[in-house]
Structures are given as C-alpha cells and as structure tokens.
Amino acid sequence: MTRQVDVAILGAGSAGLYALGQVRKATDSWVLIDGGELGTTCARVGCMPSKVAIQVGEDMHRRNIFDREGIEGGEQLILNQEDAMEHVQDLRDVFVDKVLSTSTDEMSEEEFIEGNARFVEPGVLEVNGERIEAKKVVIATGSTPLVPSAWESFRDRILTTDEFFEQEALPESVAVIGLGVIGLELGQALHRFGVDVTGIDMAGTIGGLEDPVARDVAIEIIGREFPLWLGEKAEVSEAGEGKLKVTAGDNEVEVDRLLVSMGRVPNVRELGLDALGVELNDNGVPVFDPHTMQVGDLPVFIAGDVTGDRPILHEAGDEGRIAGFNAVQETPVAFARKTPLSITFCDPNIVTVGQGWSELDEAAIAVGEVKMGLLGRAIIMGRNRGVLRVYADKRDGRILGATFVAALAEHLGHLLSWAIAQELTVFDLLKLPFYHPTMEEGLQAALYDLKGRFDVEFDHPVELRPLK
Ligand SMILES: Cc1cc2nc3c(=O)[nH]c(=O)nc-3n(C[C@H](O)[C@H](O)[C@H](O)COP(=O)(O)OP(=O)(O)OC[C@H]3O[C@@H](n4cnc5c(N)ncnc54)[C@H](O)[C@@H]3O)c2cc1C
Ligand SMILES: NC(=O)c1ccc[n+]([C@@H]2O[C@H](COP(=O)([O-])OP(=O)(O)OC[C@H]3O[C@@H](n4cnc5c(N)ncnc54)[C@H](O)[C@@H]3O)[C@@H](O)[C@H]2O)c1
C-alpha cells in the first residue's frame, strides 16, 4: 500500500509540531509520524520538569539565609524527596497534557501515524510496512542522552534525563558525570534535595563557560555547594554492595547512582539516511543550510535537536517554522537566525549572549565588567555573588556579546540579546532607563565600566539624548 502526501513530518516533538503549524496553512495533504513517547522532550523530560525540580531546590535552599532575616525555624524544614518528585511529575503531566491535547490527540489516523519512519529514497518513506510518497519531508526526530557503551553493565544504576523525572525515591549519593547544562541544573537541584552529589567534568570548566573570569567565578560559587572535579575523565567500576566506584584523576568516590549528562546524540541511526545520497557529518546528520534548513538540494528539510546545531527550544521552534514554511514553497526562502542566547538555570544563572569568548579577537574588543558584590538589589536578595562581562567592538562600541554568572541573569541575557539584534552600542544602551533598585543596575554598571574603556568625550551626559 502506498500513500501520497505533500509533506511528511518525522517527529512530533517541538520542531515537528512547529513545522506542522506552517505546513497546515498551505495544504491539507500531510502526515505526522512518531514512534516514540509523545508529549515532546521539552515538556516530558526536558525544559519543564527540570525547572520544577530547580524551583523546589531553590525554595529549600533559601532557608540558609532565614536566620539572617530574622525568620526562625529554617533548620527544622524538611524536604520530603518522594513528595517533591511527585510534585515534579504532577506538573510535568500538566505540561505534557497541554501539548498532547492541542496536537496528536486531535489528529485522525490518517494524519498521525504511530511508528518510526525510514527513508527508502529521498521522497519515499516506509513506516509500519506502509510506503509513503511525500513531495517534501521534514526530519525532526530529536536526540537521545549519550551513555558510553563501556558503561552498559552498570546501566541499571545510571540515570539520564530519560529516567530521572520518573524516579519516585532518590538515591543517597550520585556522581554527576558531565557538568554542562543538564549536569549543573540537575546536579545542583539534587544537592538541594539533600542528595550527596559529586560533580565531574573532563573539561576544565562548567556549563561550557569559555570566558576565563566568568568560569573561575562560577566554579568558585557552585563549588561551595558540592565538590566539582574538573579536567579529568570519569572512570566507573563496581564497588561492591551495589555501589559504583567513580574515579577522575586522583579523586575517588563511591556512589549509589550516576547521573550521566555527557551530551546527546541525534536520532538518525534508524532513519536510513544513506538512501538520501548526501554527505553525512561525523554524527550521521546530513549537511544542511541553517538558513533554509534544506538538506543539500533535496526536497528534504531538517529541524530541531536532530541537527545537533542549536539544541534549545526557541531555536527548535524557529527551525521547525523555517523547515515547515519551506516545505510548502516552490523555492526555499533563506531566513536570518536569532542572536545566540544560552541560559543555564543553575544558581547563579550562567548566561552567554551573542559571540562567545572563543569567537572574539581579544585585541579587537573592549570588555566591561562588574562583580555583583556591591549591587544593592543583589545584596537585599542575599544573592550578590557573580560577575557580568560585556564585550563590545573597540572601534565603535557596538555590543558583540556577554557572559553573565549572576542571580536572575536569565533576564539580563534577554535584554542584551535584543540589544545585539538591534546593533546597539554601549552609548545607546546607557541612554535607556534602568530602574532602581534592580538587577538591571548591575548591567548598567558593567556598561559604565565598558564605556570607560573608550576614549570618547561627549558634550552632554552620555545618559541623555539631546532633542534635535
Ligand atoms: C533535561 C533537559 C532540559 C532542557 N532544558 C531546556 C531549557 O530550559 N530551555 C531550552 O531552551 N531548552 C532546553 N532543553 C532542550 C529542548 O528540550 C530541546 O531543544 C527541544 O525539546 C528539542 O525539540 P525537538 O523537536 O528537536 O526534539 P523532541 O521533542 O525530542 O522530538 C523528537 C521526536 O522525534 C521522535 N522520533 C525519533 N525517531 C523517530 C523516527 N525514526 N521516526 C519518527 N519519529 C521519531 C521522538 O519520539 C520525538 O517525539 C532541555 C533538554 C533537556 C534534555
Ligand atoms: N537551560 C537549557 O537551555 C538547557 C538545559 C538542559 C539541557 N539543554 C540542552 O541539552 C543539551 C545536552 O545537555 P548536556 O548537559 O547533556 O550536554 P553538554 O554538551 O552541555 O555537556 C556535556 C558535558 O559532559 C562533559 N563530558 C563528556 N564526556 C565526559 C566524560 N567522559 N567525563 C566527564 N565529563 C564528560 C563535557 O565536557 C561537557 O561539559 C545541551 O546542549 C542543551 O542545549 C538545555
């Protein structure tokens, strides 16, 4: 049996659903195919449940300053891990139900096929023994947590984010292997839930921080909460009584479980991508244009985490929109991509915006910096550890990027990414309002420091714009 459609979308995750939103505007002839767990990685095992766990951990952690604020009894507070995990799961279910009720739940059997598709030819797919001829195909199959094959014999004691949010009870001790985004967010949350956490990364940094000043500040602050072993690869072996021995360089610990957060691999293995006859990169992902999301010059588009390019939700959304839009055009349209913005929701937040430290030529930039120690609002909140670093073009003060390690820096990151997208300079930004007392005043202080690196004189206060 062969079915013919204008567009077939592989993957009912965020990127696939955004693609479908565009396709539906142009044609009724489409099919969505997904053989995995529905509800999207973001709602099911990603952005949303992780933020619930972080929130619970932050609320509990706050008790550490109650004494200073004159609030008594903080030391008697107990975090009931099972109830806390149930709360994570309850909210996770709310988010998943919301996705399902507005997507696959509403679709007919003609529209949604439960199964994993593979290519037979560029425009021909096979799923559950059925052949589908599609004028255009969108690949949006996402990614899966990486677990080294050498650790297969301990798999029953390894948690990845695919299992973590299903846990009813938490282990007493955990080694978090990989202190990128997931390792930092969940490692810190686990520590604040009362689990004995050891964090390990083979890189000499955490959260992927490249800026050396921000890196040292982040390691110092987060390292006060739980041990961070950096710069050595983790090795794992049996320790007896069900425990695992984890070593990294000279360090050694015995733990009940590993939380493995060593990155994710694109879901391409089962897709039969060789049938496309195009170049595949080292991860088996076809080479594509990031502005059209087209694969070579084929009637095939790709979007979301499967690309391995910008594995965050708003980029998966944009890629889905671009792929879906172009799947129903005669000729693909190239779209500009957004200013890079990355937020790790650990405490303090780690945020990078625009060009990263390693992309910049140190000789061609000016750097403005402020430490959070003296910032009024941060002192009031008891969260005044951190640093803000802003990079500008030395020639004209145009903002190029920034790295922030600070409480609530998620918001400062947005402000600065919007400023970069508008090609604003440090002098433009200083003319904008900064309310008192806010965390934004920290950004203002970093901008003043940055301005001081320029040898420019104004005949009026830099904060003011003369009426023409
Ligand atoms: C723990 C965690 C926390 C995160 N937190 C954040 C955050 O705070 N902010 C943020 O911006 N991003 C965050 N992310 C990243 C974000 O969740 C992803 O970028 C986003 O969900 C990717 O969407 P996607 O559609 O590409 O993939 P998915 O939502 O995974 O969708 C892929 C779909 O393809 C299906 N599929 C796989 N193979 C096939 C096949 N052969 N045929 C058909 N279907 C197939 C799968 O079943 C799945 O439904 C987080 C991720 C994780 C893991
Ligand atoms: N807040 C967010 O936006 C958010 C939150 C969670 C996840 N995500 C997305 O999920 C993706 C995957 O996250 P992740 O944290 O798994 O990957 P990651 O790439 O951010 O971090 C992986 C870390 O593992 C380390 N590592 C790899 N092999 C190791 C080894 N053998 N021993 C010790 N350390 C090792 C790496 O040095 C790296 O620091 C991210 O790229 C991110 O885009 C985003």
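These values consider heavy atoms only, across backbone and side chains, with no hydrogens, waters or symmetry-generated copies. Read the numbers this way: they start at 1 and go in the same order the structure lists the ligands and their atoms.
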Legend entry - Test of proximity, H314 against ligand 1: N or O pairs below 3.5 Å: no
Inset, instruction - Look at atom 12 (N) of ligand 1 and say which protein heavy atom is nearest, naming residue and atom and giving the distance to 0.1 Å. - result: L313 N, 3.4 Å
Inset, instruction - Please write down residue, atom name and distance for the protein heavy atom closest to atom 25 (O) of ligand 1. - result: A15 N, 2.8 Å
Legend entry - Partners meeting side-chain hydrogen bond (donor to acceptor under 3.5 Å, both in side chains) with S143 (sequence neighbours left out): R264
Legend entry - With sequence neighbours excluded, residues passing side-chain hydrogen bond (donor to acceptor under 3.5 Å, both in side chains) with D309: none
Inset, instruction - Would you check the N or O atoms of D34, main chain and side chain alike, for any that come under 3.5 Å of an N or O of ligand 1? - result: yes
Inset, instruction - Could you list which atoms of ligand 1 come closer than 4.0 Å to a heavy atom of G36? - result: 47 (O)
Legend entry - Contact atoms of ligand 1, heavy-atom distance to F345 under 4.0 Å: 8 (O)
Inset, instruction - May I ask you to identify the nearest protein heavy atom to atom 40 (C) of ligand 1, giving residue, atom name and distance to one decimal place in Å? - result: N116 OD1, 3.2 Å
Inset, instruction - List the closest protein heavy-atom neighbour of atom 18 (C) of ligand 1: residue, atom name, distance to the nearest 0.1 Å. - result: D305 OD2, 3.2 Å
Legend entry - Interfacing atoms of ligand 1 (cut-off 4.0 Å, heavy-atom, R264): 53 (C)
Legend entry - E163 and T160 side chains, donor-acceptor separation under 3.5 Å: yes
Inset, instruction - Among all protein heavy atoms, pick out the one at the shortest distance from atom 3 (C) of ligand 1; state its residue, atom name and that distance to 0.1 Å. - result: G46 C, 3.3 Å
Inset, instruction - With sequence neighbours left out, write down each residue that passes side chain to side chain contact (heavy atoms under 4.5 Å, CB included) with E82, or none if nothing qualifies. - result: N80, A169
Inset, instruction - Distance to 0.1 Å, residue and atom name: give those for the protein heavy atom nearest to atom 41 (N) of ligand 1. - result: L271 CD2, 3.4 Å
Legend entry - Mutual orientation of the aromatic rings belonging to F325 and F335 [parallel < 30°, tilted 30-60°, perpendicular > 60°]: perpendicular
Inset, instruction - Number the atoms of ligand 1 from 1 as they appear, then name those within less than 4.0 Å of a heavy atom of T161, with their elements. - result: 1 (C), 53 (C)
Inset, instruction - For A117, counting its heavy atoms only, list the atoms of ligand 1 lying under 4.0 Å from any of them. - result: 41 (N), 42 (N)
Legend entry - Atoms in ligand 1 with a heavy atom of P311 nearer than 4.0 Å: 15 (C), 19 (O)
Legend entry - Under 4.0 Å to a heavy atom of A140 - the qualifying atoms of ligand 1, by number: 32 (C), 33 (C), 34 (O)
Inset, instruction - Let me know which of V124, I33, V137 forms a side chain to side chain contact (heavy atoms under 4.5 Å, CB included) with I132. - result: I33
Legend entry - Those atoms of ligand 1 less than 4.0 Å from some heavy atom in K51: 5 (N), 7 (C), 8 (O)
Inset, instruction - Find out whether the Lys NZ or Arg CZ of R215 is both under 6.0 angstrom from the six-membered ring centre of W357 and within 45° of the ring's axis. - result: no
Inset, instruction - May I ask you to check if ligand 1 and T40 share an N or O to N or O distance below 3.5 Å? - result: no
Legend entry - Neighbouring residues of ligand 2, heavy-atom cut-off under 4.0 Å: I177, G178, G180, V181, I182, E185, D201, M202, A203, K233, A234, S261, M262, G263, R264, P311, I312, I343, F345
Inset, instruction - Verify the distance criterion only: is there a donor paired with an acceptor across the side chains of Q55 and D59 at less than 3.5 Å? - result: yes
Inset, instruction - Identify the protein heavy atom lying closest to atom 43 (C) of ligand 1, giving its residue, its atom name and the separation to 0.1 Å. - result: I33 O, 3.4 Å
Legend entry - Nearest-neighbour protein heavy atom for atom 14 (N) of ligand 1, which is reported as residue plus atom name and distance: C47 SG, 3.8 Å
Inset, instruction - May I have the step-by-step check of salt bridge (charged side-chain N to carboxylate O under 4.0 Å, His left out) for E166 and R44, ending in yes or no? - result: CA-CA 10 Å; E166 274 305 308; R44 221 169 39 77; over 6 Å; no
